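Here the structure is laid out as structure tokens; the discussion comes afterwards.
In what follows, chains are A, B, ... by sequence order, proteins preceding strands, each numbered from 1. Note that the coordinates shown come from a computational prediction; the quantities given were computed from them, not determined experimentally.
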Amino acid sequence: MSHAPRRRSRIDVPERPVLDGLEDKWAARWRADGIYTFDRSADRAEVFSIDTPPPTVSGALHVGHVFSYTHTDTVARFQRMRGRSVFYPMGWDDNGVPTERRVENHFGVRCDASLPYVEHLDLPDEPPKDRGDYVAVSRVNFIELCERLTAEDEQAFEDLFVHLGLSVDWSTMYSTIGQRARLIAQKAFLADLARGDVYSADAPSMWDVTFQMAVSQAELEDRDRPGAYHDLVFPLTDGSAIAPEGSAPAPGGGPALMVSTTRPELVVSCVALVAHPDDERYRSLFGTTVRTPVFGVEVPVLAHRLADPTKGTGAAMICTFGDITDVTWWRELDLPARAVIGRDGRFAADPPEWLDDEAARTAYARIAHKAAGGARHVMVDMLRESGNLIGDPKPVTHPVKFYEKGDKPLEIVQSRQWYIRNGGRDDLVRDDLVRRGEDIAWHPPYMQTRFTDWVNGLNGDWLVSRQRYFGVPIPVWHRLDDEGLPVPDDVLVPEADRLPVDPAIDRPTGFDESQRGRPGGFVGDPDVMDTWATSSLTPQIACGWGVDDDLFARTFPMDMRPQGHDIIRTWLFSTMVRSRSEFGAVPWRHAALSGWILDPDRKKMSKSRGNVVTPMGLLDTYGSDGVRYWAAQGRPGTDTAFDEKEMKVGRRLAIKLLNASKFALGFGGDPDGAVHEPLDSAMLADLAALVDDATAAFEGFDYARALERTEAFFWWFCDDYLELVKLRAYGDGPAATSATNALARALSTLQRLFAPFLPFSTEEVWSWWMEGSIHLAAWPDAVTLREAAGSWNPFVMSVASDVLRELRRAKSEAKRNMKAPIDLATVVDEQERREALARIAHDVRDAGRVNELDIVDGDSFSVTVTFAEAVDDHRTARP
RNA sequence: GGGCGCAUAGCUCAGCUGGCUAGAGCAACUGGUUUACAUCCAGUAGGUCGGGGGUUCGAGUCCCUCUGCGCCCACCA
């Protein structure tokens, strides 16, 4: 809870204030004093809770993190100063594939779940160059290595964030592999299972052959890859039938149907040919059969609306499975599954049983064991030899599906996997999720479209099981039948008070360890959850769902979800799904989407591009406040170029704040004292308008606008207002008191307006004259400022600045010192502005060192200047 | 193929619901500077607001269209 500023008994300003060292000094103090500790006594209405993105722990943070986390921090600091008890936790996303990859490469190991645990693992000093030479270690050893490395990384992350000045409550830290996250992820999984929102199914799914695991729709990305169309002819089994127009004859001259394919190696998996029902070329052949090239398997010719008459020959080969359309065709046309590609991405070693012909089995032997690419070469040779390949392959570049973190094309492999219902197969759920997008305020608003489009484009439920190791285990066991095989749909679940469990180590209630893997016994589910399955629960984990009900009641639903716009389809969407199924509510009120950092060539900065800039050096060079200034200029949702020049500007601003504060405090004014001089009143009135503007901007999560306005006012305040009043402030009497009080009040206000952006330098200057941390001081109040301003003349401030500018111009053009005395300045202006000028003439004369100021009636503004030691008169005017 | 966003000074960007001669910072240039600040100050120059239509008394701002760039999505045989 913030409080009204309280002045210290004496002002203590350093002789020569500097920025250096402020980060360490104040970060230590904030931690010692618990400045950012969440106040658990606050009611929900007084709380502002933030669903902080847990950064992926797989290496180092980069400037992109500094950028977006600063945005959130400015909002957190604003809300805290406004009086909210801010719940600002930090999490580490340390489970999942990126962490495993990093651990493998860091230690030179790979996990082999069949190996036994080794007490004191002997690792090579240097990891082997070739991944093939990595040391195989047991699952438990591997997890230990993951925990060891992530602990180091997380400490480094924390150090950086502390140095950056994030006002995170570090006592509320969690990690997605930690005890609490495992417990909550398993509890949510079992709750979904009990409701029927989780199920397992044996079905084709996208499969990464490198990681040897299933992946979900949200993790796919298209990449353009070179390929080639191969025109293949399939002889008609009815030799008297009429071949479709345009098709080349079969080898030997019989009628044939020609298809064009980019994956000729899948001919062995062909289960049918398909064409559009209205396609005249193929209409007479529907229901007939053809023989596959080389293998001679008889397959039907079928009709389906998804066949595109304009692609290739209009007829397509259905293979199990070449792409997602194959899966649709396979399912809707009720075709057999003839899969040959295994989990390692290679063709099965033994000839499949549907090849009954000896020649076919011999042909298959030539592609057995091969990966897709190798098999393709061999297959093309065989097709050419057999005469089924017509002409040469025609090269094309076409999009191919990849796992976003993988580097080999995905295959489609049939396997039993766990799914969470997300609306992908249920229109009612889907529509409901889209509607719930309305319950969230999106910043910027157009980001909602991304969400809506994604939900509407779902083509299946969310596949959450992963065949990996460092993740939250799927918390179930499978009952084994008399032959030792898992009984489908007979899962054994742990009691709630046993969570979290590791089914590979723990056993289901009522079973003995000796029954593990035995007929009539049980076996633990070997899989872990998708990293998004735990990340989708960050509100539940952070707020303590089921483990800290009091905290949960005070913080959930949360106020703000900050995140990058690129993970709307994963993190944001999946969090919505879990919150909907468990609570029937949206998890937060606001979604604040941040943009990306672009390198100077306007490319996204990312580790894979190798163009990242590490932040520590920048924080040292420009100060954390300088770097934060640059970050805070990035508008919500807008990509921003990495720009060190702006950091330099930010550093200058922070230094200016130190110096201006030192100067203004030197006058010893009272920030609560009265003001009566026209210029002082007008300045405070303008300041009140600034407070309104900055407050409204922050309430709309537009921190960048708040900063821009505050900064513009501040420079004007230093360059014009301070110059106009400083001679008066040096004097005595009521006019001087008005100036010093106005300066003190403005300073107190400006320091607080800057506090969310420049937490270190504002804290420093605040400490010179105020009790307690500025970050717990109340946000400035425009109403009080207006009361203090009293009545003011709206022309005073602008006419003062205008005249001052003209006096400076005259001096500059005469190449004189800004302090050069002016003998006579004649100002021509309209009536209202003349009257205003007359009231502040003493301040303008002081600031311009003007001996005599004449104010003359006229239509347009102009200023004529005569210097004391007249070289020549100087007249300036605006046209 | 569908959708979203962007296009304003050499560079990075403001310009909110249309309204006074289009702004800032940086860079450039010209000067100044013994007491808050050289981590400074003042000034100068620089723009047909991507092109073309339209609505309006009035358009950088609203509508249409075209162009370029970026991103997201798509069943890519």
Margin query: Between A/F698 and A/F757, does the ring pair (Phe, Tyr, Trp, His ring centres under 6.0 Å) criterion hold? Intermediate values first, please.
Written below: CA-CA 12 Å; A/F698 257 128; A/F757 306 102; 5.5 Å; yes

Sugar-phosphate, base or nothing in reach of A/R305, heavy atoms under 4.0 Å
nothing

> Heavy atoms under 4.0 Å, any strand shown: does A/R569 hit a base, just sugar-phosphate, or nothing?
Replying inline: sugar-phosphate

### Task
Could you work out the separation of B/rG47 and B/rA24 based on their P atoms and round it to a whole Å?
15 Å

Task: Nearest-angstrom distance, P atom, B/rU67 to B/rG10 - done: 26 Å

- Query: Given the P atoms of B/rG3 and B/rC64, what is the spacing between them in whole Å?
  - Reply: 13 Å

*Reckon A/W630 touches a base, only the sugar-phosphate, or nothing at all at heavy-atom distances under 4.0 Å?*
nothing

Practice item. Determine the Euclidean distance between corresponding C1' atoms of B/rU35 and B/rA28; express it in Å to zero decimal places. Key: 32 Å

Problem - Trace of the salt bridge (charged side-chain N to carboxylate O under 4.0 Å, His left out) decision for A/E711 with A/R709 - result: CA-CA 5 Å; A/E711 187 196 6; A/R709 299 307 158 102; over 6 Å; no

If you count heavy atoms of other groups shown closer than 6.0 angstrom to NZ of A/K408, is the number above 12?
no

Reckon A/A307 touches a base, only the sugar-phosphate, or nothing at all at heavy-atom distances under 4.0 Å? base

| task | Please work out if A/F451 contacts a base, only the sugar-phosphate, or nothing of the nucleic acid, heavy-atom cut-off 4.0 Å. | result | nothing

(Q) Any base atoms under 4.0 Å from A/K645, or only sugar-phosphate, or nothing? Heavy atoms, all strands. (A) sugar-phosphate

Over all strands shown, is A/Q217 touching base, sugar-phosphate only, or nothing at heavy-atom distances under 4.0 angstrom? sugar-phosphate

>> Could you tell me how far B/rU34 sits from B/rA27 if I compare only their P atoms? Round to whole Å.
In response: 23 Å

Distance test, side-chain N/O of A/R652 to OP1/OP2 of B/rC26, below 4.0 Å = yes

Out of B/rC41, B/rC26, B/rG15, minimum distance to the side chain of A/R705 belongs to B/rG15

Winner on side-chain proximity to A/K656, out of B/rC76, B/rA42, B/rC40, is B/rC40

For this session: With heavy atoms under 4.0 Å as the rule, sort A/D308 into base, sugar-phosphate or nothing.
Result: base

Exercise for the section: Please work out if A/T261 contacts a base, only the sugar-phosphate, or nothing of the nucleic acid, heavy-atom cut-off 4.0 Å. Expected result: sugar-phosphate

Could you work out the separation of B/rC29 and B/rU65 based on their P atoms and round it to a whole Å?
46 Å

#### Entry: Touch class at under 4.0 angstrom, heavy-atom based, for A/Q633 against every strand present
nothing

Picking from B/rC75, B/rC71, B/rA42, the nucleotide nearest the side-chain atoms of A/W596 would be B/rC71

message = Regarding A/C319, tell me which of base, sugar-phosphate or nothing describes its non-hydrogen contacts under 4.0 Å with the strands shown.
response = nothing

With the side chain defined as heavy atoms from C-beta on, A/R808 is closest, among B/rA36, B/rG43, B/rC26, to B/rG43

_Using a heavy-atom cut-off of 4.0 Å across all strands, would you classify A/K311 as base, sugar-phosphate, or nothing?_
base

Spacing of the P atoms in B/rG60 and B/rC16 (rounded, Å): 12 Å

**Asked** Is the shortest side-chain N/O distance from A/K401 to OP1 or OP2 of B/rC73 below 4.0 Å?
**Response** no

Check your understanding: Taking atom P in both B/rC57 and B/rG52, what distance in whole Å separates the two?
Key -> 23 Å

For this session: Give one of base, sugar-phosphate or nothing for A/S812, where a contact means two heavy atoms less than 4.0 Å apart.
Result: base

Practice task
Using only side-chain N and O atoms of A/Y629, determine if any of them is under 4.0 Å from OP1 or OP2 of B/rC26.
Solution key: no

In short, A/T710 meets A/A694 closest at the heavy-atom pair OG1-CB, 4.2 Å

Every protein N/O lying under 3.5 Å from an N/O of nucleotides 1-6 of chain B:
{"from": "B/rG3", "atom 1": "O2'", "to": "A/D453", "atom 2": "OD2", "distance (Å)": "3.2"}

